[in-house]
Amino acid sequence: ARLKVLLFSAPYAVGNVRFIKRRGDPFEFKGLDSLNGKRVGTVRGYGYGDEFANAPGFTREPGNDLMTNIKKLLRDRLDLTLEDEIVARSIIHAKDPQALEQIEFVKAPLSVNPLYVTAGLQNPKAQEMIGAFNKGLEAIRANGTLEKIFKRYGMEKVGQ
């Protein structure tokens with residue numbers, strides 16, 4: 001449906017939606033059954049996928065935003081929360097960088113999604129903008145700048 005209204009760039013990264021736990025917690029995600037008995041903080045309005053939304057055995061506790069859930073996690077009011085790792089690191093780094101020292105991202109992701117820049121097809125410059133983005137992306141990927149940016153922010157896996 002989005003292809004009918006948006007023009008997509010080449011993917012610039014891979015978004016891994018990962019569970020976030022308190023540092024030292026031994027939890028590892030091994031499928032939805034591994035969440036049994038857990039209190040998982042979600043963000044209202046965020047789509048985690050039908051399988052996650054309908055899975056039994058654990059409690060989904062909606063919060064207004066990621067930082068609310070991080071605070072609940074650190075106060076032991078949640079067992080886990082989850083977010084795209086790139087987004088989570090950026091938000092936490094901006095709002096409470098010390099919290100990054102108190103949490104860990106679970107290795108196995110709930111989902112893996114390519115990330116794109118888009119332009120509305122009704123925009124007469126959509127093709128030009130996406131073309132310029134793709135050209136610049138290719139250049140910074142080739143010269144190593146993109147990898148350096150991601151590493152600076154704690155991300156190592158960059159989409160091809």
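In what follows, residues are counted from 1 in the order of the sequence shown.
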Checklist entry - If you take all heavy atoms of Val106 and Glu28, which pair is closest and at what distance? => result CG1-OE1, 3.6 Å
Checklist entry - Are the side chain of Tyr48 and the backbone N or O of Val43 linked by a donor-acceptor pair below 3.5 Å? => result yes
Checklist entry - Do the side chain of Glu85 and the main chain of Gly15 share a donor and acceptor less than 3.5 angstrom apart? => result no
Next on the checklist: Test side chain to side chain contact (heavy atoms under 4.5 Å, CB included) on Leu35 and Phe19; report intermediate values, then the result.
Outcome noted: CA-CA 10 Å; Leu35 298 173; Phe19 291 95; 3.8 Å; yes
Checklist entry - When you look at CG of Asp50, are more than 12 heavy atoms from neighbouring residues, nucleotides or ligands closer to it than 6.0 Å? => result no
Next on the checklist: Within the 4.5 Å heavy-atom criterion, are Val117 and Phe8 side-chain neighbours or not?
Outcome noted: no
Item to check | Pairwise distance NZ(Lys148) to CD1(Ile140) - rounded to 0.5 angstrom | outcome: 11.5 Å
Next on the checklist: Strictly distance-based, threshold 3.5 Å: is any side-chain N or O of Asp84 a donor or acceptor partner for the main-chain N or O of Val17?
Outcome noted: no
Item to check | Any Met67 side-chain heavy atom under 4.5 Å of Ile92 side chain | outcome: yes
Checklist entry - Given Leu32 and Phe52, is the side chain to side chain contact (heavy atoms under 4.5 Å, CB included) satisfied, shown in steps? => result CA-CA 7 Å; Leu32 293 171; Phe52 177 83; 3.9 Å; yes
Item to check | Thr42 versus Leu82, closest heavy-atom pair with distance | outcome: CG2-CD2, 4.2 Å
Checklist entry - Closest heavy-atom contact between Gln98 and Gln102? => result O-NE2, 3.5 Å
Checklist outcome for this item: dist Gln127:CD -> Leu121:CG (nearest 0.5 Å) comes out at 9.0 Å
Checklist entry - Under a single-linkage definition using a 4.5 Å side-chain heavy-atom cutoff for Ile, Leu, Val, Met, Phe, Trp and Tyr, are Ile20 and Phe27 assigned to the same hydrophobic cluster? => result no
Next on the checklist: For Tyr46, does the six-membered ring have the charged nitrogen or CZ of Arg44 within the cation-pi criterion, i.e. under 6.0 angstrom from the centroid and within 45° of the normal?
Outcome noted: no
Checklist entry - If you measure from CG on Leu73 to OG1 on Thr68, what distance do you get to the nearest 0.5 Å? => result 12.5 Å
Next on the checklist: With salt bridge (Lys or Arg N to Asp or Glu O under 4.0 Å) as the test, pick out the partner of Asp79 among Lys21, Arg60, Arg39, Lys72.
Outcome noted: Arg39
Checklist outcome for this item: Distance col, row Leu110:CG vs Phe29:CZ, nearest 0.5 angstrom, shows 5.0 Å
Checklist outcome for this item: Heavy-atom nearest pair, Val14 first then Ile86, reads O-CD1, 3.8 Å
Item to check | Test item: Asn36 side-chain N/O and Asp33 main-chain N/O as donor-acceptor pair under 3.5 Å | outcome: yes
Checklist entry - Is any side-chain heavy atom of Leu78 less than 4.5 Å from a side-chain heavy atom of Asn69? => result yes
Checklist entry - Any sub-3.5 Å donor-acceptor pair from Arg22's side-chain atoms to Leu80's backbone N or O? => result no
Checklist entry - Any donor and acceptor pair, going by atom type alone, linking the side chain of Asn16 with main-chain N or O of Pro109 inside 3.5 Å? => result no
Next on the checklist: Check this for me: Arg77, atom CZ, are more than 12 non-hydrogen atoms of other residues, nucleotides or ligands nearer than 6.0 Å?
Outcome noted: no
Checklist entry - With a distance cut-off below 6.0 Å to the six-membered ring centre and an angular limit of 45° from the axis, does Arg89 pair with Phe150 as a cation-pi contact? => result no
Checklist entry - Do the non-hydrogen side-chain atoms of Met129 and Asn123 ever get within less than 4.5 Å of each other? => result yes
Item to check | Same apolar cluster (I L V M F W Y, side chains within < 4.5 Å links), Tyr12/Val87 | outcome: no
Checklist entry - Is the number of heavy atoms from other residues, nucleotides or ligands within 6.0 Å of NZ (Lys71) greater than 12? => result no
Next on the checklist: How close do Arg23 and Ile103 get, counting heavy atoms only, and between which atoms?
Outcome noted: NH2-O, 3.0 Å
Item to check | Between CZ on residue Arg141 and CG on residue Asn134, distance to nearest 0.5 Å | outcome: 9.5 Å
Next on the checklist: Distance check, rounded to the nearest 0.5 Å: Ile70 atom CD1 versus Lys95 atom NZ?
Outcome noted: 13.0 Å
Checklist entry - Minimum heavy-atom separation for Leu66 to Ala88, with atom names? => result CD2-CA, 3.5 Å
Item to check | Donor-acceptor pair, side chain of Lys30 and main chain of Ser34, under 3.5 angstrom | outcome: no
Checklist entry - Taking a hydrophobic cluster as the set of Ile, Leu, Val, Met, Phe, Trp and Tyr residues connected by side-chain heavy atoms closer than 4.5 Å, whether directly or through intermediates, do Leu3 and Leu6 fall within one such cluster? => result yes
Next on the checklist: If the test is side chain to side chain contact (heavy atoms under 4.5 Å, CB included), which one of Leu137, Leu115, Ile130, Thr118 qualifies with Ser9?
Outcome noted: Ile130
